[in-house]
Amino acid sequence: MEPMDIVGKTKEDASLPKATMTKIIKEMLPPDVRVARDTQDLLIECCVEFINLISSESNEVCNREEKRTIAPEHVLKALQVLGFGEYIEEVYAAYEQHKLETMDTVRAGKCSNGAEMTEEEALAEQQRMFAEARARMNGGVTGPPKQQDSEAEQTLNS
């Protein structure tokens with residue numbers, strides 16, 4: 001792949017975080033095995049190339065189905081087409097696990113965002129947030145609530 005094969009991107013723009021990749025590489029090896037820096041760079045380049053290959057084939061699968069958004073099924077089909085069929089089951093399991101973890105995070109986020117607050121607690125939180133915003137806008141000076149905030153409070157209380 002040439003440095004400009006990715007549309008509008010240079011080779012440096014299309015990379016993976018070295019620290020993360022180094023951590024992944026080291027986690028997969030026994031503790032007594034060392035990996036040379038140029039070998040780490042080569043593995044990272046291979047990963048980038050693999051992602052580009054899968055993305056490109058997934059896009060082609062998506063286009064053949066006359067879809068505009070690449071779906072997980074397109075990626076799985078791309079793996080099959082490219083000869084990586086033996087990995088589909090493991091990739092699908094990882095995808096399902098990711099969905100479960102993501103759903104748990106979203107649910108936890110919704111619960112902690114005030115779904116369990118009483119109306120009084122929500123109003124107090126709202127007033128606190130108004131005061132913080134007012135302080136930021138006034139350069140750290142907090143003043144009395146504006147009429148607009150009082151009206152909002154009256155509306156909520158009625």
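To the nearest 0.5 Å, atoms CZ (F130) and CZ (R134) are separated by 8.0 Å. Atoms CE and SG, on M21 and C46 in that order, are 9.5 Å from each other to the nearest 0.5 Å. Note that CG of L79 and OG of S58 are 7.0 Å apart. Values are rounded to the nearest 0.5 Å. Rounded to the nearest 0.5 angstrom, N59 CG and N63 CG are separated by 4.5 Å. Expressed to the nearest 0.5 Å, how far CD of Q126 lies from CD of E121 amounts to 14.0 Å. Rounded to the nearest 0.5 angstrom, L43 CG and Q40 CD are separated by 8.0 Å.
Linking Ile, Leu, Val, Met, Phe, Trp and Tyr whenever their side-chain heavy atoms come within less than 4.5 Å leaves V81 and L53 in two separate clusters. When hydrophobic clusters are built by joining Ile, Leu, Val, Met, Phe, Trp and Tyr residues whose side-chain heavy atoms come closer than 4.5 Å, directly or via intermediates, F84 is grouped together with Y92. Residue I54 is not grouped with residue V48 when hydrophobic side chains (ILVMFWY) are merged at heavy-atom distances under 4.5 angstrom, including chains of intermediate members. Note: the hydrophobic cluster containing F50 also contains L82 (ILVMFWY, side chain heavy atoms under 4.5 Å, direct or indirect links). Cluster annotation: I88 is connected to I70 through the hydrophobic network of ILVMFWY side chains, with a link wherever side-chain heavy atoms come within less than 4.5 Å.
Looking only at distances, no side-chain donor or acceptor of E27 sits under 3.5 Å from a matching main-chain atom of I24. Side-chain atoms of S56 never come within 3.5 Å of backbone atoms of N52 as a donor-acceptor pair (strictly under, hydrogens ignored).
Through side-chain heavy atoms spaced under 4.5 Å, either directly or across other Ile, Leu, Val, Met, Phe, Trp or Tyr residues, L42 is tied to no other residue.
Counting only residues at least two apart or in different chains, side chain to side chain donor-acceptor pair (under 3.5 Å) contacts with residues 66-88 comprise E65-H74.
With sequence neighbours excluded, no residue satisfies ring pair (Phe, Tyr, Trp, His ring centres under 6.0 Å) with Y95. With sequence neighbours excluded, the residues that form a side-chain hydrogen bond (donor to acceptor under 3.5 Å, both in side chains) with Q97 are E101. Partners of D41 according to the side-chain hydrogen bond (donor to acceptor under 3.5 Å, both in side chains) rule, which considers only residues two or more places apart in sequence or in another chain, are K18. With sequence neighbours left out, R128 forms a side-chain hydrogen bond (donor to acceptor under 3.5 Å, both in side chains) with E125, E132.
Using a 4.5 Å cut-off on side-chain heavy atoms (C-beta onward), I51 and L16 make contact.
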